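What follows is a single structure, written as structure tokens, with notes after it.
Here is how names work: the chains are called A, B, and so on, in the same order as the sequence lines, proteins then strands, and each is numbered from 1. No experiment lies behind these values; they were computed from the predicted model shown.
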There are 2 protein chains.
Amino acid sequence: MNSCSYINLTGVILVSVEYDDLCSIQCIHEEKVAATAELMPSEDTTQALAHIFKILSDNSRIKILFALMHNELCVCDLAAVTGSSESSVSHHLRLLRADKLVKYRREGKVVYYSLADEHVEKIFQQGLEHVIE
Amino acid sequence: MNSCSYINLTGVILVSVEYDDLCSIQCIHEEKVAATAELMPSEDTTQALAHIFKILSDNSRIKILFALMHNELCVCDLAAVTGSSESSVSHHLRLLRADKLVKYRREGKVVYYSLADEHVEKIFQQGLEHVIE
DNA sequence: TTAATATATGAACAACTGTTCATACATTAA
DNA sequence: TTAATGTATGAACAGTTGTTCATATATTAA
């Protein structure tokens, strides 16, 4: 029994598999795999990236963010523009707030939302470039 | 009974709600909502964007794409680098292929995958800038 | 042909997600 | 205070998704 593991720059073990036959069964290109493993970002980084894309992966949230590119809008306005219920919009805004994609200010009973920064617009731009092909 | 709808540039009805009281109950800022609705992208566009971000919203697929930034790798290599099963990697690659995020070439029994273009790297760059804050 | 191996794929299942509904909270006006 | 209204949130439910396992396909070697 031999074991074969690849460790990246952060010390996180990316792969740890035991082979019966000197690490050489199967089609693995050992040198390329080892070199690639060294260049991989940490697990935390890939998870953070996956998380932010998950937040952006819903049609209702995409619409909310597009709407906020031009105007500061309240929950009621966002529901009207996006064609969702106010409850649904509010739930989505909670996620967007948690990831600091939007900011808000309260004025009496009304809460106005706006984009936190220009990151969303840049990410959308890149996403659209791929979609358009 | 009055009805109040907003139509955007593509002709898609974004909102179509009936009010009992001349469109003026609730907190909606009519002018801002109408102006915003005009500037909204089409439903097809928002759905396409949501779809591409959904593809990028999984940690295993993020790892696969990062691995392919440096080297052309086969399914077996990708399984080793990402710490997933070959079956799981193959399922993910199918999705990535369907959206033209990766391309591949067969050499005998081995199929080598690589990034289709530089879009993924640019999107990741923007995503990371938000994550880093 | 048969055997071996790399990859692909369908089914099944657990885990997750978005919406709705009901309800709670917050603010203002009466 | 009470009523009205804008927003937030918990529970529930249907729909979706990622993984595993079994199996199929494709290519090469014998």
Side-chain angles (χ1 to χ4, degrees), chain A residues 19-21 24-29 32-33 46-47 50-65 72-80 82-99 102-114, chain B residues 17 19-21 24-30 32-33 46-47 50-65 72-80 82-99 102-114:
Chain A
Y19 299 103
D20 291 317
D21 184 25
S24 59
I25 48 168
Q26 299 181 321
C27 65
I28 296 180
H29 302 78
K32 278 206 296 187
V33 169
T46 59
Q47 283 182 359
H51 176 77
I52 197 66
F53 289 133
K54 176 156 286 177
I55 296 296
L56 298 177
S57 73
D58 177 77
N59 195 31
S60 298
R61 290 195 287 274
I62 295 273
K63 288 187 197 174
I64 289 171
L65 293 170
E72 170 184 73
L73 295 170
C74 68
V75 176
C76 214
D77 293 343
L78 285 168
T82 65
S84 309
S85 70
E86 293 167 34
S87 175
S88 179
V89 168
S90 193
H91 278 294
H92 286 307
L93 287 169
R94 192 155 74 95
L95 297 178
L96 297 173
R97 261 188 281 133
D99 279 288
V102 300
K103 59 179 191 274
Y104 62 100
R105 67 181 180 87
R106 178 178 277 273
E107 193 173 288
K109 279 178 288 193
V110 182
V111 178
Y112 291 95
Y113 283 84
S114 54
Chain B
V17 186
Y19 299 104
D20 289 319
D21 184 24
S24 58
I25 49 168
Q26 296 182 322
C27 65
I28 297 179
H29 302 78
E30 290 187 55
K32 279 208 295 187
V33 168
T46 59
Q47 282 182 1
H51 176 77
I52 197 66
F53 288 133
K54 177 156 285 177
I55 296 298
L56 298 176
S57 72
D58 177 77
N59 194 31
S60 297
R61 289 194 289 272
I62 294 273
K63 289 187 197 174
I64 289 171
L65 293 170
E72 171 185 72
L73 295 169
C74 68
V75 176
C76 214
D77 293 343
L78 285 168
T82 64
S84 308
S85 71
E86 293 167 33
S87 175
S88 180
V89 168
S90 191
H91 278 295
H92 287 307
L93 287 169
R94 193 156 72 96
L95 298 179
L96 296 173
R97 261 187 283 134
D99 279 288
V102 300
K103 60 177 190 278
Y104 63 100
R105 67 183 180 86
R106 177 178 278 272
E107 193 172 290
K109 279 178 287 193
V110 182
V111 178
Y112 291 96
Y113 283 84
S114 54

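Residues satisfying the side-chain contact (heavy atoms from CB on, under 4.5 Å) criterion with B/R97, sequence neighbours excluded, are B/R94, B/V102, B/Y104, B/Y113. A/T46 meets the side chain to side chain donor-acceptor pair (under 3.5 Å) test with B/N59; sequence neighbours excluded. In this view, B/S88 and B/S84, B/S85, B/H92 satisfy the side-chain contact (heavy atoms from CB on, under 4.5 Å) rule, not counting sequence neighbours. Listed by chain and residue number, nothing satisfies the side chain to side chain donor-acceptor pair (under 3.5 Å) test with A/R106 (two or more places apart in sequence, or in another chain).
Between the C1' atom of D/dG18 and the CD1 atom of B/I55 lies a distance of 12 Å, rounded to the nearest Å. Straight-line distance from the CG atom of B/L96 to the P atom of C/dA8: 12 Å, rounded to whole Å. Distance, A/R97 CZ to D/dT7 P: 12 Å, rounded to whole Å.
Aromatic ring pairs are classed by plane angle as parallel below 30°, tilted from 30° to 60° and perpendicular above 60°; the pair B/H29 and A/Y112 is tilted.
No contact: B/Y112 has no heavy atom under 4.0 Å from any strand. Among the heavy atoms of the strands lying under 4.0 Å from B/Y113 are primed sugar atoms or P, OP1, OP2 only; no base atom is included. Contact annotation for A/S60: backbone-only contact, meaning every heavy-atom pair under 4.0 Å involves sugar-phosphate atoms and none involves a base.
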Quick one, give me the B/S/- string for nucleotides 21-30 of chain D, reading 5' to 3', where B means a protein heavy atom under 4.0 Å from the base and S means that only happens at the primed atoms, P, OP1 or OP2.
BB----BS--

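With C/dT17, C/dT19, C/dT7 as the choices, the nucleotide that has an atom nearest any side-chain atom of A/K54 turns out to be C/dT17.
The side chain of A/R94 contributes no N or O atom lying less than 4.0 Å from OP1 or OP2 of D/dT7.
Ion pairing between B/E107 and B/R105 holds under the 4.0 Å rule for side-chain N and carboxylate O.
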